[in-house]
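Heads up: the structure comes next, in structure tokens.
In this text the structure is predicted, and so the values were computed from the model without any measurement. Just so we're on the same page: letters track the sequence lines, and every chain starts at 1.
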There are 2 protein chains.
Amino acid sequence: MATDNRGIPIPTIKRFPSYLRLLKGYRDEGMEMVSATMLADELGLKPIQVRKDISCTGIEGKPKVGFTVVKLIDAIVHTLGWDNATDAVLIGAGHLGSALARYEGFESYGLKIVAAFDIDQQKWGAKLGDVPVYPLSHLQQYLEENHVNIGVIAVPAVQAQEVAEKLVACGILAIWNFAPKDLKLPPRVVVQRTDLATSFAVLSAKVKRKMAKEDLLEEDDEW
Amino acid sequence: MATDNRGIPIPTIKRFPSYLRLLKGYRDEGMEMVSATMLADELGLKPIQVRKDISCTGIEGKPKVGFTVVKLIDAIVHTLGWDNATDAVLIGAGHLGSALARYEGFESYGLKIVAAFDIDQQKWGAKLGDVPVYPLSHLQQYLEENHVNIGVIAVPAVQAQEVAEKLVACGILAIWNFAPKDLKLPPRVVVQRTDLATSFAVLSAKVKRKMAKEDLLEEDDEW
DNA sequence: TAGATTGTTAATCGATTAACAATC
DNA sequence: TAGATTGTTAATCGATTAACAATC
């Protein structure tokens, strides 16, 4: 087990995709080596943090020179587990589901949405990009016949829990939940939320903080 | 400045929307009081953490009884700054942009998307839900004539930086970026990313970790 | 060589968790 | 009252940052 990722901090995991995007750009430009300093500069991080993150991949660099771009790409991809493609089903073929199904970036993450399911009869038989839409009632059968590890939930909040339980009952290992609802599921199931409310809350808080600081500065000016 | 939010930890901010959803449900069911224990239980958190989070809002509870549901809702909404509606423009009327424009949950966050802009001529004049789509070339004029604080970016990665710079030049204070690209902007601009890659990276890492643990357990069994 | 960069070890910082007195 | 729950203070845990020797 040369590069397992137990113990890699979540914040580091979250920075990996940014490194990856940058590194792929460098590779496409023909750049062979890159230093932590350069990456840090480009992403607004501190060099020491980039070095720490990189060290989690097990890759070693050369003092004064830096790291081999393609080696680093491979190492990050492998550390994230993105070198093994994983099939996923999408539940919910509304606007968000449709956007997800058509999103082409998933390919480079090793994620492949193989089928979508919806309760709305009008959507059955349609295609979202390359992804066929089936009746939700066919989900169980589909999962019995196809090996799929991940379920992507893009249904309204009120239906999310029920859909999640159905997925779990069918043996799904991990759920990526886009519904604005916190799911209660057995701990063996991996759940990842992508929640607009959460993201916007952080934005709101930062804006409010910034406003407060500016008000404070103005006060200071008057003194 | 009774309840400014400087010093409220970001992880706490991120949990607020989950509390809010739960509390609104309780309110609608007619529940008047709620304990930290109950919230924790429902969300899979520890009671102590919920109490710490709640204390950041300035709300006080009653021992043995808990907190007043509606008071708590108001306090969280106010702490997030969601009691003041903020206008936003959306750049990019593709599938994702369309899904965002039609998303009805934003209303309860105090976010209102007032207009969308796109370079694609075919989209001009259309409406995404209630949101009109204008030519991107009209952005500057629109922002001069309307007071808008937030820009939502839902364009392809290659165009994101350029669009962001245009928004900043027009005086936008904060940017919510859905493009898979790290923006380089002056520090005075608040930037929040909602990045599918980042979210999926965490999911992948958790799955990989889980697999490794299971493999390990199997090994243990054999010994 | 000189100097930039790596990698490691230690210090700092911030969030979570524990302990416990106060209280309804 | 007894016991559940709050709120505060202190301890723990984990990530970031600093310091610095090693190295190309």
Side-chain angles (χ1 to χ4, degrees), chain A residues 2-3 5-19 22-23 26 31-69 71-72 75-76 79 198 201-202 205-206 209, chain B residues 2-3 5-19 22-23 26 31-69 71-72 75-76 79 198 201-202 205-206 209:
Chain A
T3 53
N5 68 2
R6 276 166 300 165
I8 297 186
I10 296 288
T12 295
I13 300 282
K14 287 186 172 173
R15 286 186 291 269
F16 277 158
S18 294
Y19 298 149
L22 214 48
L23 289 165
Y26 291 154
M31 202 181 298
E32 283 182 19
M33 305 296 287
V34 69
S35 71
T37 318
M38 204 183 304
L39 290 171
D41 221 53
E42 203 61 31
L43 294 171
L45 303 172
K46 309 215 165 152
I48 175 79
Q49 189 167 49
V50 176
R51 270 183 284 151
K52 257 274 153 85
D53 287 344
I54 289 176
S55 78
C56 292
T57 68
I59 283 289
E60 285 187 4
K62 278 201 175 55
K64 197 180 170 179
V65 184
F67 303 83
T68 312
V69 172
K71 265 197 194 176
L72 204 43
I76 293 176
T79 305
T198 300
V202 177
K206 284 185 195 164
R209 206 170 296 192
Chain B
T3 53
N5 69 4
R6 275 169 299 164
I8 298 187
I10 294 288
T12 295
I13 299 284
K14 287 186 173 174
R15 285 186 292 267
F16 276 158
S18 293
Y19 298 150
L22 214 46
L23 289 165
Y26 291 155
M31 202 180 296
E32 284 181 17
M33 305 296 288
V34 69
S35 71
T37 318
M38 204 183 305
L39 290 170
D41 220 52
E42 203 62 31
L43 293 170
L45 304 172
K46 309 216 165 150
I48 175 77
Q49 190 168 48
V50 177
R51 270 183 283 152
K52 257 279 155 81
D53 288 344
I54 289 176
S55 78
C56 292
T57 68
I59 283 290
E60 284 188 3
K62 279 198 175 57
K64 197 179 169 180
V65 184
F67 303 83
T68 312
V69 171
K71 266 198 194 172
L72 204 44
I76 293 176
T79 304
T198 300
V202 177
K206 284 184 193 165
R209 206 169 295 191

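Of the options T57(B), T12(B), D53(B), a side chain to side chain donor-acceptor pair (under 3.5 Å) to Y19(B) is made by D53(B) and by none of the others.
Considering CG of L23(B) and CG of L39(B), their distance stands at 5.5 Å, rounded to 0.5 Å. For the atom pair OG (S35(A)) and CZ (R51(A)), the distance works out to 10.0 Å, reported to the nearest 0.5 Å.
dA21(C): Watson-Crick or G-U partner is dT6(D), with both key distances under 3.5 Å. dC13(D) is paired with dG14(C) under the Watson-Crick or G-U wobble criterion, all donor-acceptor distances under 3.5 Å.
Taking atom CE of residue M33(A) and atom C1' of nucleotide dA4(C), one finds them 14 Å apart after rounding to whole Å.
Nearest heavy-atom pair across I13(B) and A201(A) is CG2-O, 3.5 Å.
Between K64(A) and I54(B), the residue anchored closer to the 5' end of DNA chain D is I54(B), taking for each the nucleotide with the nearest heavy atom. Sequence order on DNA chain D of the closest nucleotides to K62(A) and F67(B) puts F67(B) first from the 5' end.
Within the 4.0 angstrom heavy-atom criterion, no nucleotide atom of any strand lies near S55(B).
Under the 3.5 Å distance criterion, the side-chain polar atoms of R209(A) are matched with a main-chain donor or acceptor of I8(B). Side chain of T68(A) to main chain of K71(A): no donor-acceptor pair is present (N/O by atom type, distance under 3.5 Å, no hydrogens or angles).
Of the candidates dT23(C), dT6(C), dA4(D), the closest approach to any side-chain atom of P63(B) belongs to dT23(C).
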Enumerate all atom pairs, one protein N or O and one N or O from nucleotides 15-20 of chain C, separated by less than 3.5 Å.
residue: dT16(C); atom: OP1; partner: R15(B); partner atom: NH1; Å: 3.0
residue: dT16(C); atom: OP1; partner: R15(B); partner atom: NH2; Å: 3.3
residue: dT16(C); atom: OP1; partner: Q49(B); partner atom: NE2; Å: 3.4
residue: dT16(C); atom: OP2; partner: R15(B); partner atom: NH2; Å: 3.3
residue: dT16(C); atom: O5'; partner: Q49(B); partner atom: NE2; Å: 3.4
residue: dT17(C); atom: O4; partner: K52(B); partner atom: NZ; Å: 3.3

